[in-house]
Student: 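The following block contains the structure, expressed as structure tokens.
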2 protein chains.
Amino acid sequence: MVKNKIMIPTLKWNNGVVDMIDQTLLPEIYKVISVKTVKQMWDDIKRLAVRGAPAIGCSAAYGSLLGIWKDRSKSTISLYEKFVKDADYLATSRPTAVNLFWALERMKKTAAESLELDADAFKKILLKEADTIFVEDDRMCRAMGQHALKLIPKRKSEFGILTHCNAGGLATSGYGTALSVMYAAAEAGRNIHVYSDETRPLLQGSRLTAWELEQAKIPVTLICDNMASQVMKEGRINMIVVGADRIAANGDAANKIGTCGVAILAKYYGVPFYVAAPSSTFDLTLKDGSLIPIEERGGEEIKCGFGKWTAPRKVDFYNPAFDVTPAKLITGIITEKGIIENPTMAKVKKMIK
Amino acid sequence: MVKNKIMIPTLKWNNGVVDMIDQTLLPEIYKVISVKTVKQMWDDIKRLAVRGAPAIGCSAAYGSLLGIWKDRSKSTISLYEKFVKDADYLATSRPTAVNLFWALERMKKTAAESLELDADAFKKILLKEADTIFVEDDRMCRAMGQHALKLIPKRKSEFGILTHCNAGGLATSGYGTALSVMYAAAEAGRNIHVYSDETRPLLQGSRLTAWELEQAKIPVTLICDNMASQVMKEGRINMIVVGADRIAANGDAANKIGTCGVAILAKYYGVPFYVAAPSSTFDLTLKDGSLIPIEERGGEEIKCGFGKWTAPRKVDFYNPAFDVTPAKLITGIITEKGIIENPTMAKVKKMIK
């Protein structure tokens, strides 16, 4: 049996504060921070202390409660107004992952429907909604892993799976999206070997995915992003699975920068390319991926990413945090409801209502 | 007029020692080291203080002299024997770049043909041969830049050129292979803008190419390797030019890891992909690229590349230093003799005799 859980959940509501692993310090330092204010949650999402579309959604849901939780006001309407302001503020922390907006909208809807409650009951029903988002996330992740099992043959020789960035337990409430496929496969006794792109500039693949899989005792080999072509060429990779931050109605999928490049290589080498994401990652209001806003980040992540300047300090840079993989390069999208093979708008709409 | 020379040559024979820029310290520290022994040259090539196929060739040529230069023996035959031993030892420093072996063979041939000379004249003729290799390298680089000019249109809007790793002045005697194209274009007044892949794990693109182009006042934008797909998708790239460490008889070209991936992306996006390399980089004894030995390097370059551990310390890794781009993905090979368009064995043999 595989140890498929990291030591504590990625984040946890703890009586008025949110305890989260500070993911910027991994793998060298394992530290849990206590997030006490909405402003602190905004900063921690922005600086990627917590990251990964589903984990951002969960953090924002709990985070939206931090302002009102210790407010002693007995006026539900004044709590509601404060809550909406806080939720709208948290929505400005990052632009690409849709789960952030999805979770906050869900919280706001519950709040708007609960104005007849007294102040204490209002807070409790919002906490219950955040807990539900958290628990549902775990259930969706496990369902994705089970759906994907049929893609991984039982065999003696290793089945190589390449992933990019971290769509693991650390990117969700605890079980992962892309990595749910690895966890479920390992639990089912499949002989898998994971190749993890280090994922520049912030190295989520080496800092988080390699760490997380090592914890779970799943064989993992770390490579630089620019080695993905070589491992595919050598026949080491049987399948690619990545996560997503937002998926448009036609199946175009935004994910960590570099994902689209991996998909193009996969097409060239004839390796199946899968995206794993829960239905909360779909944004059916966007007809295609060109409408997904792409976050650009600062130059120090590239020029001074490891505590040392590794480029001329003033040199021009470009640092898009995500790219969009066109649906035509995607073999299938693994969701909690099933796998959308060769995604099209019709198939996406049929699966994700 | 563009300042197309870096401050001093990449390396220089200086009366019995070889002065070289320690490229591992750039861009933060510009330091010239004096290499005094054959062993030291072996170490400095191995640890990449000097790197780039043509620069390795020049360094090895001069380096092979260091042992005999201060030897007071009057016996030419004993100097010859020592010289051959030193040259053969230097040939073991790195396996992929053919210029290393090419330069050392050329030195050994001159030595073997000069046994009738007295000891002093023997040393002098070998120094002359090393100087010739050095000067010819510069001439070949400048010729490549001139041949490539026809590929770059005169126009008002920027012409975007993407490169990978450093095939610049620092990789040669001073003018570059891939970067000779940029230098010649800038000197001819073409409106170019270079995109430099940072080139993990050792960041030659950010540490060396960005630095070198900034010195020359050529506009350069630094990106991570996994952003190459995105800048091509956005239409910013009109042409790709890279160097090579060894080119087989059929045109398959070994170059820094990640190059083949860039070539596959270029094919997908319809961007012309060029390799720039002097004839000394061709190895006509190899019928195709599968026969080129690929150096594998240690894991710390990936896991602890910048003085900080960014991956679990014991995690498995794979670190091939080069990959081979198949000739069918190469639009043309720019040599000092002209451009080999859509390279095949027949065309390569015709151009490189």
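Computed from a prediction, not measured in an experiment: that's the story for all the values here. Below, chain A is the first sequence line, B the second, and so on; all start at residue 1.
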Student: Once you round to the nearest 0.5 Å, how far does CD1 of B:I264 lie from OG of A:S229?
Tutor: 4.0 Å
Student: Non-hydrogen atoms of chain A under 4.5 Å away: do they reach the side chain of B:L329, the backbone, both or neither?
Tutor: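 Contact with chain A is through the side chain of B:L329 alone.
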Student: Write out, in numerical order, the residues from residues 237-248 of chain B with a heavy atom short of 4.5 Å from a heavy atom in chain A.
Tutor: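 From residues 237-248 of chain B, none sit under 4.5 Å of chain A.
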Student: Where does B:K233 contact chain A at under 4.5 Å (heavy atoms): side chain, backbone, both or neither?
Tutor: side chain
Student: Would you give the length of the straight line joining atom CG of B:L222 to atom CG of A:N319, rounded to the nearest 0.5 angstrom?
Tutor: 9.5 Å
Student: Name the region of B:D225, side chain, backbone, both or neither, that has any atom closer than 4.5 Å to a heavy atom of chain A.
Tutor: side chain
Student: Output the residues of residues 291-298 of chain A for which the shortest heavy-atom distance to chain B is under 4.5 Å, in residue-number order; output 'none' if no such residue exists.
Tutor: none
Student: Side chain, backbone, both or neither: which part of B:E234 has a heavy atom under 4.5 Å from chain A?
Tutor: side chain
Student: Taking only heavy atoms into account, what residues of residues 265-273 of chain A are found under 4.5 Å from chain B?
Tutor: A:L265, A:Y268, A:Y269
Student: Taking side chain as everything from C-beta outward and backbone as N, CA, C, O, which of these in A:V231 sits under 4.5 Å from a heavy atom of chain B? Side chain, backbone, both or neither.
Tutor: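 The side chain, not the backbone.
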Student: Can you tell which part of A:P312 gets under 4.5 Å to a heavy atom of chain B, answering side chain, backbone, both or neither?
Tutor: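 A:P312 touches chain B through backbone and side-chain heavy atoms alike.
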Student: Can you tell me how far apart CG (A:D316) and CG (B:L213) are? Round to the nearest 0.5 Å.
Tutor: 12.5 Å
Student: With chain B as the partner, which of A:W309, A:Y318, A:F317 has the greatest number of non-hydrogen pairs under 4.5 Å?
Tutor: A:Y318
Student: Check salt bridge (charged side-chain N to carboxylate O under 4.0 Å, His left out) between A:R200 and all other residues, then give those that pass, not counting sequence neighbours.
Tutor: B:E198
